[in-house]
Asker: 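Structure in structure tokens, see below.
Just so it is clear: chains get the letters A, B, ... in the order the sequence lines come, proteins before strands, and each one is counted from 1.
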There are 2 protein chains.
Amino acid sequence: MTERRASDAGAPTMRDVAARAGVSAMTVSRVLKDDARVSEASRERVLRAVDALGYRRNETARRLRLGSSGMIVLIVTNLANPFYSRLALGVQEVASEHGLRVVLSNTAEEYERERSAVADFASRQMDGMIVVPAGSNHRHLTPSALRGMPVVLASRPPAGMDADCVLVDDFGGAEEATRQLLADGHRKIGFLGNPPALYTGAERFRGYWSAHEAAGVEPDERHIRRGLADVGTAERAATALLADPEPPTALFCTNNRLTKGAIRAVRTLGRPVALAGFDDFDLAEVLGLPLTIVSYDADEIGRRAAQMLIDRINDRSEAPLPARRTVVPTHVIRYGGAPA
Amino acid sequence: MTERRASDAGAPTMRDVAARAGVSAMTVSRVLKDDARVSEASRERVLRAVDALGYRRNETARRLRLGSSGMIVLIVTNLANPFYSRLALGVQEVASEHGLRVVLSNTAEEYERERSAVADFASRQMDGMIVVPAGSNHRHLTPSALRGMPVVLASRPPAGMDADCVLVDDFGGAEEATRQLLADGHRKIGFLGNPPALYTGAERFRGYWSAHEAAGVEPDERHIRRGLADVGTAERAATALLADPEPPTALFCTNNRLTKGAIRAVRTLGRPVALAGFDDFDLAEVLGLPLTIVSYDADEIGRRAAQMLIDRINDRSEAPLPARRTVVPTHVIRYGGAPA
DNA sequence: CTGTTAGCGCTTTCAC
DNA sequence: GTGAAAGCGCTAACAG
């Protein structure tokens with residue numbers, strides 16, 4: 001029957017350590033923070049007690065007191081897309097350098113999931129969040145909705161509000177790839193695009209169109225398909241385009257899934273068609289198809305987004321930082337077309 | 001100068017809501033929990049006050065009181081591998097059905113990162129964790145090291161301890177694929193393997209060997225390479241094997257990265273070589289190579305692991321549940337080899 | 001250098 | 001049905 005009041009649930013508390021070391025809880029706290037001036041003697045005894053008891057500081061309690069969770073959230077639309085898993089790795093890299101943990105959430109492109117995740121994480125006192133928004137309604141991401149919790153958007157820009165964001169040079173990449181196809185002599189370049197309501201979809205289409213204008217070539221509207229979502233729809237769309245009496249000799253695809261659909265269609269067809277598209281992928285070089293890929297560093301998007309977020313979290317100035325925007329460059333890779 | 005003591009940092013607290021609704025904090029708590037018997041009148045007033053103030057319950061404080069975080073951790077070795085991002089999606093799917101958030105951590109196969117992540121998450125009062133262990137030292141995952149926090153291992157079994165785990169039928173899948181190659185008449189089947197110290201590496205090799213024994217064929221040790229880590233090393237190893245005066249006519253690869261290396265080697269060589277390997281991947285069917293793939297549902301591993309973990313978290317029985325083990329089946333897919 | 005006091009925001013317990 | 005008191009485990013702000 002001692003004075004020691006260990007929590008019955010098992011884990012020793014700071015008090016237990018203090019009692020064992022013969023000091024106050026405050027001294028234990030200081031030792032663990034590695035911060036204040038504590039005598040070498042006390043430090044030793046505390047550390048010994050910590051060890052003996054197998055004590056681990058309760059971060060939940062600590063964070064309640066400190067008023068921050070030490071975690072940031074990353075909300076993506078589709079973790080199965082390698083683009084987003086790379087982005088996540090970039091975020092983790094920078095976050096961990098700053099002692100922040102990353103909580104990851106997947107929305108499957110569903111707005112309602114995003115909204116509820118955002119609300120939930122706000123309740124959990126997250127230090128900030130990086131969001132790849134699923135829709136174009138960003139009401140739930142406004143400063144007032146989030147009570148000042150910092151947000152950075154990735155991949156898609158803010159709509160109807162101001163916020164930091166990291167984008168890809170969607171326009172430039174699409175324009176460059178299209179220009180190369182035109183330079184190769186293609187005059188009928190089909191377009192397989194994701195929904196025009198998406199920023200990336202709109203920008204990439206704009207790039208495709210702009211390259212045509214610059215070359216004085218008029219794209220054939222009949223060879224343009226937008227609003228494609230996955231490999232299957234892209235494959236069918238490509239097959240249909242290529243069955244045209246005057247079929248395109250090349251296809252431009254706005255993302256990796258659509259490119260894969262187009263590849264399947266071309267393989268099935270057996271006739272050589274030049275392919276171009278966003279997002280590099282494994283084994284592109286062994287396909288034996290003429291492939292023009294717009295590539296970029298997805299990790300870098302994550303790293304930049306995390307850095308922006310951390311800058312904002314650490315910002316203690318009176319006047320809030322103005323919203324910043326950064327664009328990750330693209331580059332075009334050409335894979336050879338050893339004819340099959 | 002009112003009695004209301006709003007926290008200066010901004011966010012309203014339960015007290016603020018209570019004051020505005022003219023009730024006690026307890027009543028607010030009950031309404032929010034949707035749990036206790038509260039008069040309809042009080043409920044209304046509380047909800048109105050919540051709305052007016054834009055109040056959000058502070059989960060950190062709540063969790064401190066409750067003694068659990070409402071979050072589980074998933075620690076993987078390589079999120080860039082689609083296998084693990086699918087696994088993560090499976091975990092999220094089941095976790096969110098149970099109102100649990102998932103914190104994701106990547107170890108890049110480094111033991112030290114894993115160890116420190118585990119310790120940190122234990123401090124954060126996570127409700128449980130799912131780990132794909134990076135090494136074979138699992139000391140930091142023992143019940144005593146974790147003070148009873150539930151753990152489930154995925155992909156690799158526990159070493160030197162007992163724990164729930166979800167595995168893939170590595171042996172069976174490798175055996176089946178090898179058997180099919182043998183049935184095709186191959187008698188010289190090379191082996192490109194990941195490190196034998198890894199469970200998957202050992203099991204897949206065992207399956208390869210077992211199929212040979214069953215067929216009365218002796219594998220040629222000179223055609224066996226183990227300890228391969230990435231696409232590059234696999235490509236070089238495959239190239240070397242195929243340069244043998246009596247080269248293998250088929251290659252078995254223990255994972256997707258090694259298969260990709262082998263594909264590159266075979267493409268470069270130009271001579272037809274049958275390929276088999278673990279892990280399905282996009283576009284396998286359009287490569288135009290004879291490809292035998294051992295496939296399995298990576299999401300399912302995540303779902304099962306999450307379910308096991310939740311069972312354990314919810315287990316309140318005196319005698320702890322015995323450690324359980326479940327094996328996810330594999331199936332073999334054969335992609336046609338339209339000769340290049 | 002060290003300890004005491006107070007309280008982060010919530011919920012459990014126990015009265016009424 | 002409702003509220004007052006107590007405290008989860010920790011740390012900032014003061015003393016000394």
Asker: Identify all side-chain donor-acceptor contacts of residues 67-83 of chain B below 3.5 Å with residues at least two apart in sequence or on another chain.
Answerer:
residue	atom	partner	partner atom	Å
B/S68	OG	B/R63	NH1	3.4
B/S69	OG	B/M71	N	3.1
B/S69	OG	B/M71	O	3.4
B/S69	OG	B/Q125	O	3.0
B/N78	OD1	B/A80	N	3.0
B/N81	OD1	B/F83	N	3.0
B/N81	OD1	B/N256	ND2	3.3

Asker: Quickly work out the A/R45 CZ to C/dT2 P distance and round it to whole Å.
Answerer: 10 Å

Asker: How close do B/A154 and B/L87 get, counting heavy atoms only, and between which atoms?
Answerer: CB-CD1, 4.4 Å

Asker: Would you classify A/T60 as touching base, sugar-phosphate or nothing, given that sugar-phosphate means primed atoms plus P, OP1 and OP2, and contacts are heavy atoms under 4.0 Å?
Answerer: nothing

Asker: Test your reading of the model: is there a side-chain donor-acceptor pair from B/E300 to the backbone of B/V328, 3.5 Å cut-off?
Answerer: no

Asker: Taking only residues two or more places apart in sequence, or in another chain, which ones meet A/R115 in a salt bridge (Lys or Arg N to Asp or Glu O under 4.0 Å)?
Answerer: A/E112

Asker: Can you tell me which stems DNA chain C forms, taking runs of 3 or more consecutive Watson-Crick or G-U pairs with both distances under 3.5 Å?
Answerer: C:1-16 with D:1-16

Asker: Rounded to the nearest Å, what distance is computed from the CG atom of residue A/D34 to the C1' atom of nucleotide C/dC1?
Answerer: 16 Å

Asker: I'd like to check the side chain to side chain donor-acceptor pair (under 3.5 Å) partners of B/S123; sequence neighbours left out, ordered by chain and number.
Answerer: none

Asker: Is the phosphate of C/dC1, meaning OP1 or OP2, less than 4.0 Å from a side-chain N or O of A/T27?
Answerer: no

Asker: Between C/dG9 atom C1' and A/R63 atom CZ, what is the distance in whole Å?
Answerer: 17 Å

Asker: OP1 or OP2 of D/dT2 less than 4.0 angstrom from a side-chain nitrogen or oxygen of B/S39, does that happen here?
Answerer: yes

Asker: Compare every heavy atom of A/A122 with every heavy atom of A/L146, then report the nearest pair and how far apart it is.
Answerer: CD2-CB, 4.4 Å

Asker: Going 5' to 3' through nucleotides 10-16 of chain D, assign each nucleotide B (protein heavy atom under 4.0 Å from a base atom), S (under 4.0 Å only from sugar-phosphate atoms) or - (no protein heavy atom that close).
Answerer: BBBBB--

Asker: Whole angstrom is fine here: how far is it from CD in B/Q125 over to P in D/dG9?
Answerer: 9 Å

Asker: Taking only residues two or more places apart in sequence or in another chain, which ones pass side chain to side chain donor-acceptor pair (under 3.5 Å) with A/E114?
Answerer: A/H140

Asker: Using a 4.5 Å cut-off on heavy atoms from C-beta on, say whether the side chain of A/P133 contacts that of A/L153.
Answerer: yes

